[in-house]
Novice: 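Have a look at this one.
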Amino acid sequence: MSYDNLLLDRDGGVAIVTINRPKVLNALNAPTLDELRRMMLELRHDAAVRCVVVTGAGEKAFIAGADINELAVQTPTSGKDHAARGQHVLELIEHLGKPVIAAINGYALGGGCELAMACTLRLAADTAKLGQPEINLGLIPGYAGTQRLARLVGRGRAMDLILTGRQIGAEEAWQIGLVNRVIPAPHLMTETRALATQLAASAPVALRYIIEAVNQGADMPFADACTFEATLFGLVASTDDMREGTKAFLEKRKARFTGQ
Ligand code: CO8
């Protein structure tokens, strides 16, 4: 498949997707969102891909939000459709069935911060800036930012960030739990690749069920979530990788996971 606004780099079981519109700080317009949808479907169905990384082209931005040229001319109907399309793409990312790491190499604002929050893990360059500045445009977040931000960092902090629209640095984002790690900018991609390679070598079915248990369980009553976890635990017990992992431990050797 061909993509005008995305780059794809494959390295073993790791796929690195780069949003490639650096002239507009990788803002997400409708064609880019559609390409991301197609790309994520392609990567989801490709069993050789065990971990996905999303990053932005250039030194300055991860994604500076939805493309404001499109927002400026939206109507109530097109605005609703646009928000729903974006939410759908982010759901695809969140439920890809394999880990997706956001390598936040600069501005992650509005839709960019929302996309990063849909990823499984977020690594930020120490130069990154994150925020939900929609209020400054007379807007509200529309790619589920009001929901994911509140779930990630708590309602009070989400209210502060969304109501004020202020940008925060990577360090503050780490302190409030918005990003998992802060990395000196020149090392961001090396460290991201190292983490992605580690995850790509892990047991894929177990990874998938961990992500499902944490994400879906968070929206369930505690007792139901525990039952869900126990069911997934039982399913994992049927895999060759579970037998290999436990056997390798007992034989004091490194496990070789096949994804079966
Ligand atoms: N959309 C379109 N173009 C953009 C965007 C954007 N989001 N961000 C930057 N650009 C463009 C600029 O217009 C500029 O273009 P040009 O060179 O032609 O003038 C170029 O990128 C470089 O940007 P700046 O010159 O502004 O660079 P600075 O270093 O001075 O500033 C900032 C960087 C602070 C990131 C600044 O560009 C900025 O504030 N950008 C907008 C950030 C923003 O408000 N993002 C949120 C958008 S709203 C959103 O994401 C809602 C998501 C949900 C939508 C739901 C569907 C309806």
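Every number for a ligand or one of its atoms is a count from 1 in the order of the listing. We number each residue from 1, following the sequence as shown.
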Novice: Looking at ligand 1, would Q132 count as a contact under a 4.0 Å heavy-atom criterion?
Specialist: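 No; Q132 lies far enough from ligand 1 that no heavy-atom distance drops under 4.0 Å.
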Novice: Quick one: which ligand 1 atoms are inside 4.0 Å of a heavy atom on E114?
Specialist: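 Listed by number with element: 52 (C), 53 (C).
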Novice: Within a distance under 4.0 Å of any heavy atom of G110, pick out the atoms of ligand 1 and give their elements.
Specialist: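 Selected atoms, number and element: 46 (C), 50 (O).
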Novice: Tell me the closest heavy-atom pair linking A61 and N105, and the distance in Å.
Specialist: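 Taking A61 first and N105 second, the nearest heavy atoms are O-ND2, 3.2 Å.
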Novice: Tell me: protein heavy atom nearest atom 1 (N) of ligand 1, and distance?
Specialist: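 Its nearest protein heavy-atom neighbour is I68 N, 2.9 Å.
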Novice: Can you tell me if E114 uses its side chain to pair, donor with acceptor, with the backbone of G145 under 3.5 Å?
Specialist: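 Yes.
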Novice: For atom 28 (P) of ligand 1, is the nearest protein heavy atom closer than 4.0 Å?
Specialist: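 Yes, because at least one protein heavy atom sits under 4.0 Å from atom 28 (P) of ligand 1.
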Novice: Which protein non-hydrogen atom lies closest to atom 53 (C) of ligand 1, naming both residue and atom, and how far is it?
Specialist: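 That would be G142 N, 3.4 Å.
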Novice: Using a 4.0 Å heavy-atom cut-off, say whether N136 meets ligand 1 through its side chain, its backbone, both or neither.
Specialist: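 Contact part for N136 vs ligand 1: neither.
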Novice: For atom 57 (C) of ligand 1, grab the closest protein heavy atom and report residue, atom and distance to one decimal in Å.
Specialist: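 Scanning the protein heavy atoms, the shortest distance from atom 57 (C) of ligand 1 goes to Q74 OE1, 3.4 Å.
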Novice: Using a 4.0 Å heavy-atom cut-off, which part of A66 comes near ligand 1: side chain, backbone, both, or neither?
Specialist: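 It is both backbone and side chain that touch ligand 1.
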Novice: Taking 4.0 angstrom as the limit, do D160 and R166 come out as a salt bridge?
Specialist: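 Looking at R166 together with D160, the answer is yes, because their closest N to O distance falls below 4.0 Å.
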Novice: Checking contacts now, so for atom 13 (O) of ligand 1, which I'm interested in, is there any protein heavy atom under 4.0 Å?
Specialist: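 Protein heavy atoms within 4.0 Å of atom 13 (O) of ligand 1 - there are none.
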Novice: Is atom 18 (O) of ligand 1 touching the protein, meaning some protein heavy atom lies under 4.0 Å away?
Specialist: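 Under 4.0 Å from atom 18 (O) of ligand 1, zero protein heavy atoms found.
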Novice: Please report which non-hydrogen protein atom sits nearest to atom 36 (C) of ligand 1, along with the residue it belongs to and the distance in Å to one decimal place.
Specialist: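 So the nearest neighbour among protein heavy atoms is L25 CD1, 4.6 Å.
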Novice: Number the atoms of ligand 1 from 1 as they appear, then name those within less than 4.0 Å of a heavy atom of P133, with their elements.
Specialist: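 Near P133, meaning under 4.0 Å from one of its heavy atoms, ligand 1 has 43 (C), 44 (O), 45 (N), 46 (C).
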Novice: Which atoms of ligand 1 sit under 4.0 Å from any heavy atom of G111?
Specialist: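 By the 4.0 Å cutoff, the relevant atoms are 49 (C), 50 (O), 52 (C).
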Novice: Could you list which atoms of ligand 1 come closer than 4.0 Å to a heavy atom of L109?
Specialist: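 Contacts of ligand 1 toward L109, numbered from 1: 35 (C), 42 (C).
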Novice: With distance as the sole test, does Q260 use its side chain to make a donor-acceptor pair with the main-chain N or O of T239 at under 3.5 Å?
Specialist: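 No.
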Novice: Got L163 and I135 here, is their nearest side-chain heavy-atom distance under 4.5 Å?
Specialist: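 The answer is no, as the side chains (C-beta and beyond) never meet within the 4.5 Å cut-off.
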Novice: Aromatic contact between Y143 and H88, with the criterion being ring centroids under 6.0 Å apart: yes or no?
Specialist: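 Between Y143 and H88, the centre distance exceeds or equals 6.0 Å.
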Novice: Would you say atom 39 (O) of ligand 1 makes contact with the protein, given that contact here means a non-hydrogen protein atom less than 4.0 Å away?
Specialist: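 There is no protein heavy atom less than 4.0 Å from atom 39 (O) of ligand 1.
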Novice: Tell me which protein heavy atom sits closest to atom 5 (C) of ligand 1, plus the residue, atom name and distance to 0.1 Å.
Specialist: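 Of the protein heavy atoms, V24 O, 3.9 Å lies nearest.
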Novice: In terms of residue, atom name and distance, what is the protein heavy atom nearest to atom 54 (C) of ligand 1?
Specialist: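 Of the protein heavy atoms, Y143 CE2, 3.8 Å lies nearest.
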Novice: With a 4.5 Å heavy-atom cut-off, do L96 and M40 have their side chains touching?
Specialist: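 With C-beta onward as the side chain, the pair touches.
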Novice: Answer yes or no for atom 48 (S) of ligand 1: protein heavy atom present at a distance under 4.0 Å?
Specialist: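 Protein heavy atoms within 4.0 Å of atom 48 (S) of ligand 1 - there is at least one.
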Novice: Among all protein heavy atoms, pick out the one at the shortest distance from atom 30 (O) of ligand 1; state its residue, atom name and that distance to 0.1 Å.
Specialist: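 The closest heavy atom on the protein side is K60 NZ, 4.7 Å.
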Novice: I want to know if ligand 1 touches L137 in the polar sense, i.e. an N/O pair below 3.5 angstrom.
Specialist: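 Between L137 and ligand 1 (N or O atoms, distance only) the closest approach is not under 3.5 Å.
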Novice: With heavy atoms of G79 as the reference, note each atom of ligand 1 found under 4.0 Å away.
Specialist: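 Answer, ordered by atom number: 57 (C).
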Novice: Which ligand 1 atoms does G65 reach within 4.0 Å, using its non-hydrogen atoms?
Specialist: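 Counting from 1, the qualifying ligand atoms are 50 (O).
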Novice: With heavy atoms under 4.0 Å as the rule, classify the contact between A64 and ligand 1 as side chain, backbone, both or neither.
Specialist: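 The answer is both, backbone and side chain.
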Novice: Which ligand 1 atoms, with their elements, are less than 4.0 angstrom from a heavy-atom of K23?
Specialist: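 Those qualifying, in numeric order: 20 (C), 21 (O).
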Novice: Any donor and acceptor pair, going by atom type alone, linking the side chain of T192 with main-chain N or O of A103 inside 3.5 Å?
Specialist: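 Flag not set: sc T192 to bb A103 has no pair under 3.5 Å.
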Novice: Assess, by modelled atom type and distance only, whether the side chains of S78 and D81 contain a donor and an acceptor separated by less than 3.5 Å.
Specialist: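 Judged by distance alone, the side chains do not pair up.
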Novice: Identify the protein heavy atom lying closest to atom 51 (C) of ligand 1, giving its residue, its atom name and the separation to 0.1 Å.
Specialist: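 For this ligand atom, the closest protein heavy atom is E134 OE2, 3.4 Å.
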